[in-house]
A.B. asks: 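This is the structure, below, for whatever I ask next.
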Amino acid sequence: MFEADVADIAQHASTGALPARLAETVAAAYERYAGLDEGVVADYIPILAEADPAHFGLVVAQVDGAVHRAGDAGVAFSIQSISKAFVFALVCEAIGHEAVHETVGVNNTGLPFNSVMAIELNGGSPMNPMVNAGAIATTALVPAATPAEQWELVRTGLSAFAGRELALDGEVYRSEVETNQRNQAIGRLLQSYGRLDADPLAVVDVYTKQCALSVTAEDLAVMGATLADGGVNPVTGARVVSAEVCRDTLALLASCGMYERSGEWLFEIGLPAKSGVAGGIVAVAPGKGAVGAYSPRLDPAGNSVRGQRACAYLSRALGLNLFASTAAPAAASVRPETSAPPTEGSRA
Ligand SMILES: NC(=O)CC[C@H](N)C(=O)O
């Protein structure tokens, strides 16, 4: 599914730092997938069904603050599950690595993002912060006295990641409030297992608001680039979270960010990433930058089809896959000058 045009990639291929021709590569990825119309727009939250399936925005933000845009980079959509990554980072910053590990968990469920069975199969554990149960448990840990203050901390925290003031999309929020009985049930189930101290419905309400924050593909790229940049927003220069928190967040995005497709994503693309049902994806290249993509048609797991393909293209064309290595040249460069060339049969 993620095969990309070898000739195009060879033209842009590079290793090490992001190449100067990055803007051209972003444009090539956009052009390549703009005509792809596989997938379906989410409709279980009624307002999402009204999204224009033609929209496609692709942005790369570098850790030096450079931003490269193609297509509908400035079109607004709701952040949905991508908020989970950044709320997790804020909570991890507040309560620490050990506490989030113990309270929420860090293992993939292998099941859809809104699975109730995953909770039941795991003794009431929310499992990880990137599925709904774990995200609701994480939002409950936002350190504030009231749900209203929690929401404000979430909104201002995610705004710091984006480098601009983010606002609630009231229409999306109301649409989800009318239809989020399943998330309310997940909150109640966690409470029944003693995994949620706060009022579950109040926590689910803050979670629903965080999902309805309005962002653009450019916002996602800058938010991801902040995680790539050790917690400093590369556009504003402001520190948002620590480098340790970025490391923990990116580890969770790698293992759980694309739900039950996380393994396949890592196998093909090799970058920590997070998707949302409105059609957003953020993919992070640590120390280099991030891709923000928006296109509303989704695959069955709830991941944007064009967004995935464009990320795959960029990962390959720019040499971003974290697991790529060039064993032969590296081995040659450390071989002592004086050592005899290997003889037949002496090779490992
Ligand atoms: N995968 C998603 O983006 C899901 C987010 C959505 N708000 C929900 O809770 O169902």
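Counting starts at 1 for both ligands and their atoms, following the listed order.
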A.B. asks: Give a yes-or-no answer on whether the side chains of Gln80 and Ser78 include a donor-acceptor pair shorter than 3.5 Å.
C.D. replies: yes
A.B. asks: If the criterion is any heavy atom closer than 4.0 Å to an atom of ligand 1, which residues make the list?
C.D. replies: Tyr44, Gln80, Ser81, Phe113, Asn132, Glu176, Asn183, Tyr207, Cys211, Tyr259, Gly276, Val277
A.B. asks: Any donor-acceptor pair under 3.5 Å linking the side-chain atoms of Asp72 with those of Tyr30?
C.D. replies: no
A.B. asks: Regarding His68 and Gln62, is there a side-chain donor-to-acceptor distance under 3.5 Å anywhere?
C.D. replies: yes
A.B. asks: Testing the 3.5 Å rule here: is there a donor-acceptor pair between the side chains of Asn132 and Asn183?
C.D. replies: yes
A.B. asks: Please table the atom pairs, donor to acceptor, closer than 3.5 Å between any side-chain atom in residues 115-128 and protein atoms at least two apart or in another chain.
C.D. replies:
unit_1, atom_1, unit_2, atom_2, d
Ser115, OG, Met117, N, 3.2
Ser115, OG, Ala118, N, 3.0
Glu120, OE1, Tyr193, OH, 2.5
Asn122, ND2, Ala118, O, 2.8
Ser125, OG, Met127, N, 3.0
Asn128, OD1, Met130, N, 2.8
Asn128, OD1, Val131, N, 3.3
Asn128, ND2, Asn107, O, 3.0

A.B. asks: Side chains of Thr139 and Gln210: any donor to acceptor distance under 3.5 Å?
C.D. replies: yes
